[in-house]
K.L.:
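The following block contains the structure, expressed as structure tokens.
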There are 2 protein chains.
Amino acid sequence: MGTTQVEAVPEPKYWHLKTVLSDALDSEFEVGEILPNERELAARFGVARATLRQALEQLELEGRLQRRRGVGTTVAPPRFGVDVGPAEDSWPGAPDDAWQTGDCEDVEPPAPVARLLGDDAGSPVHSVRRTRMTHGQPVATELLYVPHASVPGLPAIEAAGGSARGRAVLRELHRLELEGQERTVELGSARADDARQLDRLPGAPVLVVTTRYLARGTTAAVAVATYRADTCRLTFGDAQPGALMAG
Amino acid sequence: MGTTQVEAVPEPKYWHLKTVLSDALDSEFEVGEILPNERELAARFGVARATLRQALEQLELEGRLQRRRGVGTTVAPPRFGVDVGPAEDSWPGAPDDAWQTGDCEDVEPPAPVARLLGDDAGSPVHSVRRTRMTHGQPVATELLYVPHASVPGLPAIEAAGGSARGRAVLRELHRLELEGQERTVELGSARADDARQLDRLPGAPVLVVTTRYLARGTTAAVAVATYRADTCRLTFGDAQPGALMAG
DNA sequence: AAGTGGTCTAGACCACAGT
DNA sequence: CTGTGGTCTAGACCACTTC
């Protein structure tokens, strides 16, 4: 990374800066290496700190950098692929899945979820919090919404609190025969609670995976999973798991 | 939308501002309606324009707003679902697909694509540009990389230029029996050429869908599709197409 | 306490769309 | 031409981590 000034070009400075930095990352830095601080970098390239930050933001969005307040900016490892959407349909909480079940409470589902669950909007549902770890890092957090009608056997033990109840809900859910599932992926920004779980700041870019589980001709449950967009690449393997894309 | 000042709270101003604006969008604005300009809004909330812009950026990222230089900021319609990953594997360019074939040229594939195509990196491949329209808007642009070995019948007509050659490549590709496909989804930012196709500025957030097509035991083609993250929700329907999530 | 990234300000000028 | 959003500056202070 030289000390060259950014030349006057029609393309925005931060854009040019981004490509310069990107090339430098490829050629002159190792994964995990810490970059000079923002004030230093801005001075070196002869731009205001805000402009430099605009370039860094883009690079972080692309998964090239990781910035942590109070620590510094480091070169991020390549995104790892996290498997989503197995070939065979499966309920959440199958024996082999990568999720860790957390608390469960009764809530009124948010409007978009209520819409997916059917027109009985407003009635409270079980909401199970789950977290997914990969390589020792939290990569996703999920809220699974299960209507009371989907787990009729549950009330007997409903008094159980915390993750015990969450596991009970999943166990009851597995009694149903899964007929299919439907997924959507979209860009979002992390809500405060999700951000805390993912070790990010609120507003961080995330990939929101919404899954609708179908059984007995209706929607038996809806899962809203929030993946860190900076560190994850979602994989949908319709074929045998390929080592090439597993990253 | 009131004229209230943003109160002094521990949470960032732009974050609070975002929620205030978001609520206002729900209750006081219609889809397509044009908001007051940024200087006006900033004054109304008693913040600097940069701070106001930080809130608008988040809302645009979430698909709530649409900003166009020289025009103004409008309330965005809900994201529409675009179908990706059909239940049955299919080659690109199947008779019923939503893509429009464009030019075709010989290029050396970029490094990540070369890696997926196998170790014969560096050899030139056919690269077919395709575009996907929905509701009269461009939602995605794709580059399909096809090794010469996958379409041996082609050389005879290789001289044909433009979209004719693109269609010929697809036609030859269909001769192969598709054994499976593998998809990944990740967040990216639009390169200059993609941005132009998508009617966005360079750096706009996009969802990058990479598909590896498998035939004859190897990778027969790789497609890198770039979807507008602000207007699209990708749908992966493993079940019957549900009207609910189709948007 | 020192150093980092995160937020915020009050300006300025530019590029583009619609007259 | 006017009005819009997009870029950029040179500061200031805050929140957090580390020592």
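Remember, predicted model here, so these are calculated numbers, not experimental data. These numbers come from the heavy atoms of this one structure, side chains and all, not from hydrogens, waters or symmetry mates. So that the names make sense, note that chain A is the first sequence line, chain B the second, and so on, each numbered from 1.
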K.L.:
Do any side-chain nitrogens or oxygens of B:Y14 fall under 4.0 Å of OP1 or OP2 in C:dC8?
P.N.:
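Looking at the OP1 and OP2 atoms of C:dC8, neither is under 4.0 Å from any side-chain N or O of B:Y14.
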
K.L.:
Expressed in angstrom and rounded to an integer, what is the separation of B:E40 atom CD from D:dG5 atom C1'?
P.N.:
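It is 15 Å, rounded to the nearest whole Å.
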
K.L.:
So does B:D83 pair up with B:R233, basic N to acidic O under 4.0 Å?
P.N.:
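So B:D83 does not pair with B:R233 through a salt bridge.
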
K.L.:
Select base, sugar-phosphate, or nothing to describe what A:L201 touches, counting heavy atoms under 4.0 Å on all strands.
P.N.:
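Answer is sugar-phosphate: A:L201 comes under 4.0 Å of backbone atoms only.
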
K.L.:
Round to the nearest Å and state the distance from A:E11 atom CD to D:dT7 atom P.
P.N.:
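After rounding, the reported distance stands at 12 Å.
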
K.L.:
Does a nitrogen or oxygen in the side chain of B:T73 sit under 4.0 Å from OP1 or OP2 of D:dG5?
P.N.:
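Yes, because at least one side-chain N or O of B:T73 sits under 4.0 Å from OP1 or OP2 of D:dG5.
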
K.L.:
Show the numbers, then the answer: is there a ring-ring contact (aromatic ring centres under 6.0 Å, His included) between B:F80 and B:H135?
P.N.:
CA-CA 9 Å; B:F80 31 78; B:H135 304 351; 4.9 Å; yes

K.L.:
Which heavy atom in B:V84 sits nearest to a heavy atom in B:Y227, and how many Å separate them?
P.N.:
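Closest approach of B:V84 to B:Y227, heavy atoms only: CG2-OH, 3.5 Å.
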
K.L.:
Base, sugar-phosphate alone, or nothing: which one does B:R53 contact when heavy atoms must sit under 4.0 Å apart?
P.N.:
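Base, at least one base atom sits under 4.0 Å.
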
K.L.:
Does a side-chain N-to-carboxylate-O contact under 4.0 Å join A:R79 and B:E186?
P.N.:
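Salt bridge: yes.
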
K.L.:
To the nearest Å, how far apart are B:R67 CZ and D:dG6 C1'?
P.N.:
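Distance, rounded to whole Å: 9 Å.
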
K.L.:
Using whole Å, report how far CD of A:E57 lies from P of C:dG5.
P.N.:
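Those two atoms, CD and P, are 13 Å apart.
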
K.L.:
Between C1' on C:dG3 and CD1 on A:I34, what's the gap in Å once rounded to a whole number?
P.N.:
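Whole-Å distance recorded here is 10 Å.
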
K.L.:
Taking the side chain as C-beta and beyond, is there a heavy-atom pair between B:L198 and B:V139 under 4.5 Å?
P.N.:
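B:L198 does not reach B:V139 side chain to side chain.
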
K.L.:
Salt bridge between A:D193 and A:R129, side-chain N to carboxylate O under 4.0 Å?
P.N.:
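Counted as a salt bridge, because a side-chain N and a carboxylate O are separated by less than 4.0 Å.
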
K.L.:
Using whole Å, what does the distance between atom P of nucleotide C:dG3 and atom CG of A:L35 come to?
P.N.:
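My rounded result for the distance is 19 Å.
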
K.L.:
What is the distance, to the nearest angstrom, from the CD atom on A:Q54 to the P atom on C:dC14?
P.N.:
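Roughly 17 Å, once rounded to whole Å.
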
K.L.:
Output yes when B:E62 and B:K18 qualify as a salt bridge under the 4.0 Å nitrogen-oxygen rule, no when they do not.
P.N.:
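Judged by the 4.0 Å cut-off on N to carboxylate O distance, B:E62 and B:K18 do form a salt bridge.
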
K.L.:
Across nucleotides 9-19 of chain D, 5' to 3', mark each nucleotide with B, S or - according to how protein heavy atoms within less than 4.0 Å reach it.
P.N.:
B--BB-BBB--

K.L.:
In this structure, how many angstroms lie between the P atom of D:dT4 and the CG atom of B:L41, rounded?
P.N.:
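Nearest whole value for this atom pair: 11 Å.
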
